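Take a look at the structure below.
Note that this is a predicted model, so its numbers are computed, not measured. We count residues from 1, following the sequence as given.
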Amino acid sequence: MRSEQQEKLLHFLEDVDEQISYRPVHAAVNEELRAHVEDKAEVYMEYGVEEGEAYDKAIRDMGDASVIGLKMNEAHHLRTAKPLLASLLALICLGVAGNFVGRGFSIEEIFYNGYFLWGFLVLILVARYGYPFLLKYTGKILTLLAVAGVLFAASRTVTRYTGSFFPSIANFHPYSPSVIFGILQVAVPASVVLLYRRRRQGYRSLLLIAGVQLLLVALVAYCLFWGYADVAFLTFLCSCLGAELYMIGKKYLNVDKKKGFGTAIACFLILVLVWAGCQGQRFCQTLELFVNPGAQAEDPWQDGYNNVLIRELLGRAKGFGEVSLSEEELVRYRTAQWYYEDGPGVWKGDGIHETLEDYAKYRMQYQYSDGPGLWDILPQHYHNNYRIAWWILRYGWIPGILFTLFLCAAYGLLFVTAFRIRNRLGRMVALAGSLAMWMQFLFYLLGNFGCQFGMFGNLPFVSEGFASVTGSALMAGLILSAYRFDTVVTEKE
């Protein structure tokens with residue numbers, strides 16, 4: 001091509017680029033248009049048209065550069081999942097409002113809720129840059145997760161054999177159980193990207209992911225944090241399994257559909273059995289807590305008692321309005337006398353108070369003069385563990401069901417957004433993230449009806465806590481980011 005035609009083509013491409021808002025795709029669009037022009041010019045030259053005139057005709061045949069640019073912008077533009085973003089912001093506001101309702105409005109409470117602002121910032125940053133970053137640095141992210149796991153195990157080793165603890169950094173302890181939960185959360189999208197990129201390896205790709213999951217089981221087992229990691233680990237396993245089954249069903253993986261389903265499910269069941277077997281008796285206790293919490297209600301500080309109490313209170317809830325409790329009943333619920341004195345419970349001491357009477361005096365000495373209220377008798381780990389149950393007890397079953405349906409719709413928008421993504425890899429990342437957040441919601445919902453499994457789960461974006469809000473922001477931000485870059489990031493990237 002002569003320099004004169006090169007200059008004309010360059011001007012043409014510049015005019016196209018002016019209409020495309022996302023600059024990183026300019027090079028790819030220019031390459032595509034340049035190839036079209038060269039193909040057309042070659043056709044003209046085959047019919048005897050000179051090179052200069054052939055390129056002029058080819059450029060002219062392409063049409064108006066601005067119009068082409070507008071069409072290209074429609075096909076290569078950034079998108080915002082506005083309904084999902086609005087629902088996530090509503091959930092954050094719900095979490096803040098719930099804290100104010102529980103603890104009152106004050107300057108201290110405003111600062112205490114600062115982690116919600118942090119979560120919002122993480123959400124926006126990850127939504128803007130997260131998906132391309134994940135695709136570009138998947139290997140490094142997995143390496144960092146492995147390093148974090150090794151350091152975590154090392155810190156537990158030092159603690160176990162020397163009795164000394166690693167120093168905290170900004171009130172963050174490297175041996176905290178929240179580290180395990182964070183590692184498992186970030187491992188969900190990273191594992192899905194790894195699986196997708198190994199999809200042509202067939203069954204070996206499924207075995208590779210199972211190996212990664214087995215290493216995580218070993219890490220949790222070595223660090224002796226069963227209970228703290230139960231919900232997180234099952235969330236990780238189920239999210240990855242859901243992504244694997246979807247990929248097999250859509251024939252993204254180079255495997256036979258029936259054999260692929262069987263392999264994925266078999267690996268999942270083996271990992272669950274290994275996970276359960278490593279825990280031994282503690283796993284049986286976890287199941288007992290879920291099915292028959294009364295067997296683990298030996299004192300009012302145990303999760304078993306919390307489950308029994310929440311079932312008792314929900315059984316007294318009305319269709320509309322606050323549950324009706326007399327002042328005497330409120331006192332007996334607050335002091336656990338309703339269960340250990342009036343009910344089937346047998347008081348065995350709580351480790352401090354030998355008799356139920358001592359415990360009752362201890363509980364009432366911190367009571368306001370106007371007597372206990374509904375908020376005072378709820379299970380005492382974290383009040384926001386029971387946002388749904390509290391809503392039912394405060395406003396009635398009908399408002400409680402509507403509130404639960406709102407939460408289902410808010411988290412359901414995660415799946416709606418995921419399935420609107422056309423890029424296969426982006427859809428898989430978003431689907432895995434949606435499954436992870438939905439599993440957290442499911443465990444939380446079960447706990448609110450007295451069916452707690454392991455440590456109490458988090459309600460994404462609503463449960464308080466730095467680790468909880470940050471993890472939710474990371475997962476939801478990746479879903480928003482995958483949708484945002486759906487039309488401008490290719491699978492090979």
Side-chain angles (χ1 to χ4, degrees), residues 83 86-105 109 113 116 290 293-294 297 300 303 305-339 342-343 363 367-413 437-438 440-453 456-464:
S87 69
L88 296 176
L89 294 178
L91 290 173
I92 292 176
C93 293
L94 182 63
V96 175
N99 285 351
F100 284 142
V101 169
R103 290 187 286 265
F105 186 85
E109 188 63 24
N113 283 277
F116 281 109
F290 180 75
D303 288 326
Y305 174 78
N306 288 343
N307 285 359
V308 171
L309 174 60
I310 208 66
R311 292 183 183 185
E312 163 73 11
L313 293 174
L314 288 175
R316 303 190 60 172
K318 299 186 296 186
F320 287 96
E322 186 171 334
V323 60
S324 298
L325 298 171
S326 66
E327 184 175 347
E328 180 182 358
E329 287 175 323
L330 287 169
V331 169
R332 299 192 78 77
Y333 277 121
R334 178 166 175 76
T335 58
Q337 291 171 301
W338 73 275
Y339 184 71
D342 305 334
R363 292 290 291 163
Q367 186 57 55
Y368 297 114
S369 58
D370 58 350
L374 176 61
W375 188 263
D376 300 305
I377 66 176
L378 288 176
Q380 296 298 309
H381 285 321
Y382 293 104
H383 288 306
N384 67 359
N385 279 358
Y386 295 94
R387 289 284 171 86
I388 297 173
W390 183 83
W391 193 277
I392 295 172
L393 296 173
R394 179 68 179 82
Y395 303 108
W397 276 105
I398 303 302
I401 291 173
L402 293 176
F403 177 56
T404 305
L405 290 176
F406 163 75
L407 292 174
C408 290
Y411 298 123
L413 282 174
M437 296 189 71
W438 187 263
Q440 291 181 56
F441 169 55
L442 178 61
F443 279 115
Y444 183 92
L445 185 63
L446 289 172
N448 271 254
F449 289 94
C451 297
Q452 180 181 339
F453 186 90
F456 211 100
N458 295 323
L459 185 59
F461 283 106
V462 180
S463 291
E464 65 181 86

inquiry  = Once rounded to the nearest 0.5 Å, what's the spacing between atom CD1 of I310 and atom CD of Q452?
reply    = 11.0 Å
Atom of V462, atom of F116 and distance for their closest heavy-atom approach = O-CZ, 3.7 Å
query = Who pairs with W438 by side-chain hydrogen bond (donor to acceptor under 3.5 Å, both in side chains), at least two apart in sequence or on another chain?
reply = none
inquiry  = Taking salt bridge (charged side-chain N to carboxylate O under 4.0 Å, His left out) as the definition, give me every residue that meets it alongside R316, ordered by chain and number, with sequence neighbours left out.
reply    = E329
Smallest separation among heavy atoms of P300 and A336, with atom names = CB-CB, 4.0 Å
query = Rounded to the nearest 0.5 Å, how far does CZ of F456 lie from CG of N307?
reply = 8.0 Å
key: Minimum-distance pair of heavy atoms, taken over all atoms of P293 and V308   = C-CG2, 4.0 Å
request  = Apply side-chain contact (heavy atoms from CB on, under 4.5 Å) to the pair N448 and W391, showing each step before the final yes or no.
outcome  = CA-CA 10 Å; N448 271 254; W391 193 277; over 6 Å; no
query = Do F453 and L442 have side chains that get closer than 4.5 Å, going by heavy atoms?
reply = no
Donor-acceptor contacts under 3.5 Å from residues 396-403 side chains, at least two apart:
none

key: Partners passing side-chain hydrogen bond (donor to acceptor under 3.5 Å, both in side chains) against Y339 (at least two apart in sequence or in another chain)   = none
ask   = What pairs of residues pass the salt bridge (Lys or Arg N to Asp or Glu O under 4.0 Å) test when at least one of them lies in residues 392-412, not counting sequence neighbours?
value = E322-R394
ask   = Hey, what do you get for CZ (R332) to CD1 (I377), rounding to the nearest 0.5 Å?
value = 13.5 Å
message = Show, in sequence, the C-alpha distance, side-chain angles and deciding distance for V323 and L313, and conclude whether the side-chain contact (heavy atoms from CB on, under 4.5 Å) test is met.
response = CA-CA 8 Å; V323 60; L313 293 174; 5.8 Å; no
task = Working to the nearest 0.5 Å, report the span between CG of L309 and CG of L314.
result = 9.0 Å
remark   = Residues passing the side chain to side chain contact (heavy atoms under 4.5 Å, CB included) test with S463, sequence neighbours excluded, are N384, Y444, N458, L459, S468
request  = Please check if any side-chain donor atom of T335 sits under 3.5 Å from a side-chain acceptor atom of Q337, or the reverse.
outcome  = yes
task = Just grab all the salt bridge (Lys or Arg N to Asp or Glu O under 4.0 Å) pairs involving residues 403-413, residues at least two apart or on different chains.
result = none
query = Quick one: are L407 and L91 in side-chain contact, heavy atoms under 4.5 Å?
reply = yes
inquiry  = Is the shortest side-chain heavy-atom distance between F441 and C408 below 4.5 Å?
reply    = yes
query = Closest approach of L330 and L374, non-hydrogen atoms and distance?
reply = CD2-N, 4.3 Å
Side chain to side chain contact (heavy atoms under 4.5 Å, CB included) involving C451 - partner list, sequence neighbours excluded = F290, R311, L446
query = If you take all heavy atoms of P460 and M437, which pair is closest and at what distance?
reply = CB-CE, 3.5 Å
key: Y411: side-chain hydrogen bond (donor to acceptor under 3.5 Å, both in side chains) partners, not counting sequence neighbours   = none
Nearest-0.5 Å distance, CG of residue L88 to CG of residue L413 = 8.5 Å
ask   = Can you name the closest pair of heavy atoms from L325 and Y333 and give their distance?
value = CD2-CE1, 3.8 Å
request  = Show the numbers, then the answer: is there a ring-ring contact (aromatic ring centres under 6.0 Å, His included) between W390 and Y386?
outcome  = CA-CA 6 Å; W390 183 83; Y386 295 94; over 10 Å; no
